[in-house]
Amino acid sequence: ILASILSLIIYWLIRDSHRVRNLSGRHVFITGCDTELGNSLAKWLDKRGFCVIAACATEKGGQELRSCSSFSLKTVNLNLADSNSIARAVVFVTEETAGKGLFGLVSNAEGTAPVAPTDWLRIEDFHSVLDVSLLGLIEITLKLLPLLKKAEGRVVNLINAKGLMAFVGGGYSLSKWGMEAFSDTLRIEMQHFGVKVSIVEHGFFKAGVLNSDVIEKYLLRLWNRLTPETRDSYGEKYF
């Protein structure tokens with residue numbers, strides 16, 4: 001048993017000692033770069049020498065990111081709920097990579113997720129998160145696969161681990177479980193092409209903890225739109 005544990009530790013040390021060399025000219029496309037994790041990752045990879053293409057939901061987010069990064073970092077506006085926006089971003093990435101292919105795709109964006117009992121929600125509440133965090137992620141991955149295969153690159157999907165615990169209604173947990181399934185399937189299929197697919201399950205970040213006032217305001221809006229019969233079935237005490 002000790003020999004097995006020691007062998008595993010040695011294997012891990014050897015594996016983790018491997019680093020990607022010659023970073024110059026390698027393009028990495030990251031979604032959700034306006035704030036928090038995507039923003040920090042874009043800056044970090046930029047300093048490491050990668051050619052970063054950062055997708056931001058707003059022009060303001062892109063301007064702020066460019067102002068504190070090198071000239072090699074490029075930004076593009078992206079709305080993952082809009083197929084036309086995705087298509088424009090893919091064209092931008094294709095032009096920037098100039099036939100080299102895409103070394104990395106990091107998917108980080110999340111849709112707005114109502115936190116409430118399923119019985120309080122409508123189908124559009126599910127769409128508000130699934131169209132961005134799951135279907136949008138799938139669409140842009142599919143359209144960038146030719147570039148990833150060309151460079152024998154990698155796909156890294158960042159998944160908030162709290163979404164894997166289905167303790168609340170709505171599309172948030174659905175999107176996380178869907179991302180896991182999509183990533184696992186894609187990993188098997190892309191092995192033949194030398195494309196790696198990874199999942200990074202992260203927890204809370206200090207800047208990303210949800211504001212309780214926002215949650216309460218959202219709950220109140222949902223509560224007020226319920227039919228009197230549904231409100232009576234739950235009662236004020238439950239609310």
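Since we're looking at a predicted model, the values are computed, not measured. Residues take their numbers from the sequence shown, with the count starting at 1.
- Criterion: ILVMFWY side-chain heavy atoms under 4.5 Å apart, direct or through other members. Under it, Phe193 and Ile140 are part of a common hydrophobic cluster.
- A perpendicular orientation is assigned to the rings of Tyr234 and Trp120, their planes being inclined by more than 60° (bins at 30° and 60°).
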Exercise for review: Show the numbers, then the answer: is there a side-chain contact (heavy atoms from CB on, under 4.5 Å) between Ser85 and Arg88?
Suggested key: CA-CA 5 Å; Ser85 179; Arg88 288 192 294 270; 3.8 Å; yes

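- Leu78 and Leu135 are assigned to two separate hydrophobic clusters, defined by single-linkage of ILVMFWY side chains at heavy-atom distances under 4.5 Å.
- Around NZ of Lys150, the count of heavy atoms belonging to other residues, nucleotides or ligands within 6.0 Å does not exceed 12.
- A salt bridge between Asp184 and Arg187 is present, with a side-chain N of the basic residue lying under 4.0 Å from a carboxylate O of the acidic one.
- Put simply, OG on Ser40 and CG on Leu45 are 11.0 Å apart, with the number rounded to the nearest 0.5 Å.
- For the side-chain contact (heavy atoms from CB on, under 4.5 Å) criterion with Val155, the lone passing option out of Val106, Leu102, Val197, Leu144 is Val197.
- In terms of heavy atoms, Ile86 sits closest to Lys143 at CG2-CD, 4.1 Å.
- For Val52 against Ala42, the heavy-atom pair with the smallest separation is CG2-O, 3.8 Å.
- The shortest heavy-atom contact between Asp119 and Thr230 is OD2-CG2, 4.0 Å.
- Under a hydrophobic clustering in which Ile, Leu, Val, Met, Phe, Trp and Tyr are joined whenever their side-chain heavy atoms come within less than 4.5 Å, directly or via other members, Leu142 and Val132 fall into the same cluster.
- For CH2 of Trp177, the number of neighbouring non-hydrogen atoms (other residues, nucleotides, ligands) closer than 6.0 Å is 12 at most.
- Remark: the backbone N or O of Gly32 is paired with a side-chain donor or acceptor of Asn108 at under 3.5 angstrom.
- Interatomic distance, CD of Glu59 versus CG of Asn77, reported as 5.0 Å (0.5 Å rounding).
- Within a 6.0 Å radius of CZ in Arg48, other residues, nucleotides and ligands contribute 12 heavy atoms or fewer.
- For the atom pair Leu158 CG and Glu201 CD, the distance stands at 11.0 Å (nearest 0.5 Å).
- Asn157 approaches Met179 most closely through the heavy-atom pair CB-CE, 4.4 Å.
- Between the side chain of Ser133 and the backbone N or O of Leu130 there is no donor-acceptor pair closer than 3.5 Å.
- Of all non-hydrogen atoms in Ser72 and Phe50, the two that sit nearest each other are OG-O, 4.2 Å.
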request  = For side-chain contact (heavy atoms from CB on, under 4.5 Å), just list the numbers for Leu41 and Val28, CA-CA rounded to whole Å, side-chain angles, deciding distance to a tenth of an Å, and then say yes or no.
outcome  = CA-CA 11 Å; Leu41 180 61; Val28 178; over 6 Å; no

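- The two residues Ala89 and Val76 have their closest heavy-atom pair at CA-CG2, 4.1 Å.
- For Asp125 (side chain) and Arg122 (main-chain N/O), a donor-acceptor pair under 3.5 Å exists by modelled atom type.
- Note: the hydrophobic cluster containing Leu219 also contains Tyr238 (ILVMFWY, side chain heavy atoms under 4.5 Å, direct or indirect links).
- Not a single donor-acceptor pair under 3.5 Å links the side chain of Ser69 to the backbone N or O of Arg66.
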